[in-house]
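Input: a single structure, listed below in structure tokens.
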Amino acid sequence: MECFLTKSRRDKFAKVIAQRTSHFTVATEDVYQLHNTSAVIRSCDVFGIQEVSIVEEQNTKRIDREIAMGAQKWVDLNRYHSIKSCIEDLKQKGYQIVATTPHGNNCDLQDFDVSKKSCFFFGRETEGLSEEVLNAADCYLKIPMVGFTESLNISVSAAIILQHVTSKLKRTAIDWQLSEAEQLKKRLQWCQKTIKSYDEIVERFYNNKV
Ligand SMILES: C[S@@+](CC[C@H](N)C(=O)[O-])C[C@H]1O[C@@H](n2cnc3c(N)ncnc32)[C@H](O)[C@@H]1O
């Protein structure tokens, strides 16, 4: 199927998939502002996180396509209407639950142990994470702050944390890449999303673009 893509598109897929990981994943809990969820998804794509879970117990909103800049097309979105089922699924997949929060004596980002498969939970703009997530968490993670402001914006926190943990992970000997079979499956899915119609394939074929 990839033969129907242009060479530059195929090369791009190969380059991006080689940097994708399921060692880390991200979950957002009832975030009110669409642009915040979209910006988190965009950061996941940028830092190579393949799966994102969006919990909408109270809000059910469409992802803001403009802000995600098409990132929602390349990242797998799992949507949940209950935090309980989201946590159960993640634990079943072998992830530890990491509650990100500006409060308390949590683990500082610099000291975070990247060896375990982890899901980073990000909370609501005003209330932060629910008691349910905080109680289920295996650990708490904090970005150190030295100003007057009580917390960072959720999408800013996600970008800082993901940049830090993914670059630290890549400096270890941990096997963090998707398996060959997973990479192939994902590339085929991306192909399907890229090719909009059979007419397009035929047109490309006759115009010698493939
Ligand atoms: C605007 S903050 C929520 C502030 C809220 N008043 C609270 O008490 O958590 C939104 C989310 O960003 C993340 N966050 C913000 N600042 C953070 C920090 N310094 N360290 C870790 N996560 C942070 C957390 O996931 C938080 O739930």
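In what follows, every heavy atom counts, from backbone to side chain, and hydrogens, waters and symmetry copies are set aside. Counting starts at 1 for both ligands and their atoms, in listed order.
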Side-chain donor-acceptor contact under 3.5 Å, Lys91 with Gln96: no
Is the backbone of His81 close enough, under 3.5 Å, to the side chain of Ser85 for a donor and an acceptor to pair up by distance? no
Can you say whether the rings of Trp190 and Trp74 are parallel (under 30°), tilted (30 to 60°) or perpendicular (over 60°)? perpendicular
Does either side chain, that of Glu51 or that of Thr25, offer a donor lying less than 3.5 Å from an acceptor on the other one? no
Within the 4.0 Å heavy-atom sphere of ligand 1, strictly under, residues: Thr100, Thr101, Pro102, His103, Phe122, Gly123, Arg124, Glu125, Thr126, Glu127, Gly128, Leu129, Leu141, Lys142, Ile143, Met145, Glu150, Ser151, Leu152, Ile154, Ser157
Is Glu182 paired with Lys186 through a side-chain N to carboxylate O contact shorter than 4.0 Å? no
Of Arg20, Lys73, Gln72, which is the lone residue that meets side-chain hydrogen bond (donor to acceptor under 3.5 Å, both in side chains) with Asp45? Arg20
